[in-house]
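Each remark here refers to the structure printed beneath this line.
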2 protein chains.
Amino acid sequence: MPYGDGMTARARSEERRAEIVRAALAVIAERGYRGASMAAVAERVGLTQQGLLHHFPTKDALLVAVLRERDRWDAVPDSRWRVDLLASLVEYNATRPGVVQTFSALLGESVTEGHPAREYFTERYTRVRAGMAAALRTEYGDRLPNGLTPERTAPLLVAVMDGLQYQWLLDPGSVDMPGAFRDFLRLLGEPVG
Amino acid sequence: MPYGDGMTARARSEERRAEIVRAALAVIAERGYRGASMAAVAERVGLTQQGLLHHFPTKDALLVAVLRERDRWDAVPDSRWRVDLLASLVEYNATRPGVVQTFSALLGESVTEGHPAREYFTERYTRVRAGMAAALRTEYGDRLPNGLTPERTAPLLVAVMDGLQYQWLLDPGSVDMPGAFRDFLRLLGEPVG
DNA sequence: ACGGTCACCTGTCGATCGGTAGGTTTCGTT
DNA sequence: AACGAAACCTACCGATCGACAGGTGACCGT
């Protein structure tokens with residue numbers, strides 16, 4: 001049996017890469033993408049910087065892997081989603097400040113010029129808004145309380161989630177992120193169902 | 001008359017510093033704070049990096065001046081504010097993408113460890129939330145529609161403003177920031193006045 | 001047993017970073 | 001005219017950045 005631990009070479013390699021991505025997530029949370037150094041990521045997994053470059057030939061390649069990991073981690077909502085599941089997602093996020101911090105830092109950086117994650121976030125938000133609108137429509141119908149449409153409510157939903165994350169990260173003791181998000185959902189009223 | 005242009009030496013110096021701060025705002029908008037280099041700011045005002053260091057001895061000192069400038073630029077709301085003035089502020093912001101981008105980038109960076117603007121933003125949001133709550137109370141009284149209190153609504157108001165800015169910066173053509181913000185205000189219902 | 005691929009290393013590079021040291025010029029004050 | 005301070009410069013520093021080149025050893029399939 002190869003490697004003596006039941007792993008093929010390929011599986012072992014993927015495990016190593018996953019370990020690196022996890023370390024990159026942590027380093028980006030601490031210093032942002034521009035502030036994150038390949039050497040810092042390498043050290044965290046017990047490699048030299050050049051050993052790291054063997055797995056990810058450039059810094060951008062590592063970022064791509066990080067963003068891909070996020071896509072696996074939280075699936076984009078679509079019409080099958082229920083809005084109250086979002087509340088659970090926010091609650092779960094409140095237990096994972098590290099991950100939240102990583103992507104909040106990346107989102108903030110991404111609005112700067114030529115940032116490698118800019119296109120990713122632009123497309124992601126387009127998809128997320130569309131998915132949210134679809135979810136709202138299946139749950140509330142074409143008309144939300146207060147005369148809003150699902151399409152006009154979706155950006156607000158996304159904005160509240162993101163904005164609360166920044167306030168919560170800066171001052172966790174002063175902001176009840178899940179509670180505030182539930183407050184917002186209450187503003188939307190009860191679904192017709 | 002000194003300087004032949006009616007300016008004292010002190011006024012001339014302050015003008016120069018203001019010019020530098022303006023350049024720093026632009027560079028930070030393009031590259032964030034960590035990505036902004038003193039040399040880039042200096043070049044934009046026609047100085048060498050060392051000439052810039054004469055006016056601001058460290059990079060952090062320049063950042064402090066930038067943040068102070070913001071405090072002059074948009075005053076924190078208090079109980080004398082009216083909520084519909086916020087809509088005007090958002091509308092105004094939509095005409096100044098550069099400034100919005102600067103502070104959105106800074107906010108994103110500020111959640112990383114040891115960021116020099118972290119304390120600034122933490123305190124600022126505490127003040128802003130308190131001011132918003134006071135403004136909401138004078139306008140809506142102790143109870144908002146849907147049973148919310150001013151204190152619980154304020155974080156949502158701030159979150160919507162910030163979150164919409166990110167979506168708008170990433171894809172201005174797809175997000176109507178002022179319109180979406182007015183939609184949110186409509187969710188709050190009509191003030192009792 | 002062997003050839004080859006994979007994982008990782010040492011060594012090094014040029015660019016850029018923020019910051020220091022120490023001039024020199026400009027200009028208002030006296 | 002003389003002085004001093006402010007403004008800005010050249011020159012340089014050590015550290016750090018991402019990345020390239022070229023090796024070495026372990027482990028795989030054959």
Side-chain angles (χ1 to χ4, degrees), chain A residues 1-24 27-28 30-66 109 112-117, chain B residues 1-24 27-28 30-66 109 112-117:
Chain A
M1 188 176 290
Y3 284 95
D5 53 4
M7 276 188 172
T8 74
R10 180 181 201 85
R12 195 177 181 91
S13 180
E14 279 178 15
E15 167 110 347
R16 197 72 158 130
R17 287 172 56 100
E19 194 182 344
I20 291 171
V21 168
R22 250 175 285 138
V27 173
I28 292 174
E30 288 172 10
R31 315 264 306 159
Y33 175 69
R34 283 209 171 92
S37 73
M38 297 294 275
V41 176
E43 189 194 15
R44 202 172 284 245
V45 290
L47 282 179
T48 63
Q49 187 219 152
Q50 295 75 6
L52 170 59
L53 283 170
H54 170 72
H55 294 278
F56 297 96
T58 66
K59 194 183 178 184
D60 276 19
L62 180 53
L63 178 62
V64 166
V66 165
E109 277 183 302
T112 61
E113 285 173 19
H115 194 280
Chain B
M1 190 176 289
Y3 283 97
D5 55 3
M7 276 188 172
T8 74
R10 181 180 200 87
R12 194 175 181 92
S13 179
E14 279 179 15
E15 168 109 346
R16 196 74 159 132
R17 286 171 57 100
E19 194 182 344
I20 291 170
V21 167
R22 250 175 284 138
V27 173
I28 292 174
E30 287 171 12
R31 316 264 305 160
Y33 175 68
R34 283 209 170 93
S37 73
M38 297 295 273
V41 176
E43 189 194 16
R44 200 172 285 246
V45 290
L47 282 179
T48 62
Q49 188 218 150
Q50 294 74 8
L52 169 60
L53 283 170
H54 170 71
H55 295 278
F56 297 96
T58 68
K59 194 183 178 183
D60 276 19
L62 180 53
L63 178 63
V64 166
V66 165
E109 277 183 302
T112 61
E113 286 173 18
H115 193 281

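Letters A, B, ... are given to chains in the order of the sequence lines, protein chains preceding strands, and every chain is numbered from 1. Just so it is clear, the model here is predicted, and its values are computed rather than measured.
Remark: C1' of C:dC8 and CZ of A:F56 are 15 Å apart, rounded to the nearest angstrom. Separating the CG atom of B:L53 from the C1' atom of C:dC17 is a distance of 12 Å, rounded to the nearest angstrom. Protein atom CD of B:E43 is 12 Å distant from nucleotide atom P of C:dT16, rounded to whole Å.
For the salt bridge (charged side-chain N to carboxylate O under 4.0 Å, His left out) test, no residue two or more places apart in sequence or in another chain qualifies with B:R17. Not counting sequence neighbours, A:E43 has no partner by the side-chain hydrogen bond (donor to acceptor under 3.5 Å, both in side chains) test. Remark: B:R22 pairs with no residue by the side-chain hydrogen bond (donor to acceptor under 3.5 Å, both in side chains) rule, at least two apart or across chains. For B:R31, the side-chain contact (heavy atoms from CB on, under 4.5 Å) test picks out A:R34, with sequence neighbours left out. Evaluation of the side-chain contact (heavy atoms from CB on, under 4.5 Å) rule for B:S37 yields B:A39, B:A40 as partners, not counting sequence neighbours. Shown here are the side-chain hydrogen bond (donor to acceptor under 3.5 Å, both in side chains) partners of A:R16, two or more places apart in sequence or in another chain: A:E19. Residues forming a side-chain hydrogen bond (donor to acceptor under 3.5 Å, both in side chains) with A:E113 (at least two apart in sequence, or on another chain): none.
Among all heavy-atom pairs drawn from A:L53 and A:M38, the shortest one is CD2-CE, 3.7 Å.
The nucleotide whose nearest atom lies closest to any side-chain atom of A:R16 is, among C:dC8, C:dG19, C:dA7, C:dC8.
For the OP1/OP2 pair of C:dA7 and a distance below 4.0 Å, the side-chain nitrogens and oxygens of A:H54 include at least one atom meeting the criterion. At the phosphate of D:dA6, neither OP1 nor OP2 sits under 4.0 Å from any side-chain N or O atom of B:H55. Residue B:S13 places at least one side-chain N or O closer than 4.0 Å to OP1 or OP2 of D:dA7.
Residue pairs meeting the salt bridge (charged side-chain N to carboxylate O under 4.0 Å, His left out) criterion with at least one member in residues 56-66 of chain A: none, sequence neighbours excluded. Applying the ring-ring contact (aromatic ring centres under 6.0 Å, His included) rule to pairs touching residues 39-61 of chain A yields nothing, sequence neighbours excluded.
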Quiz item: Along nucleotides 10-15 of chain C, 5' to 3', which nucleotides get a B, which get an S, and which get a -, given that the test is a protein heavy-atom distance under 4.0 Å?
Solution: BBB---
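Over its full length, the helix from C:dA1-D:dT30 to C:dT30-D:dA1 turns its helical axis through 10°, comparing axes from the five pairs at each end and rounding to 10°.
Across all strands shown, A:L52 has no heavy atoms under 4.0 Å from either base or sugar-phosphate atoms.
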Interface polar pairs with nucleotides 15-17 of chain D, N/O, under 3.5 angstrom:
unit_1: D:dC17; atom_1: OP1; unit_2: A:S37; atom_2: OG; d: 3.4

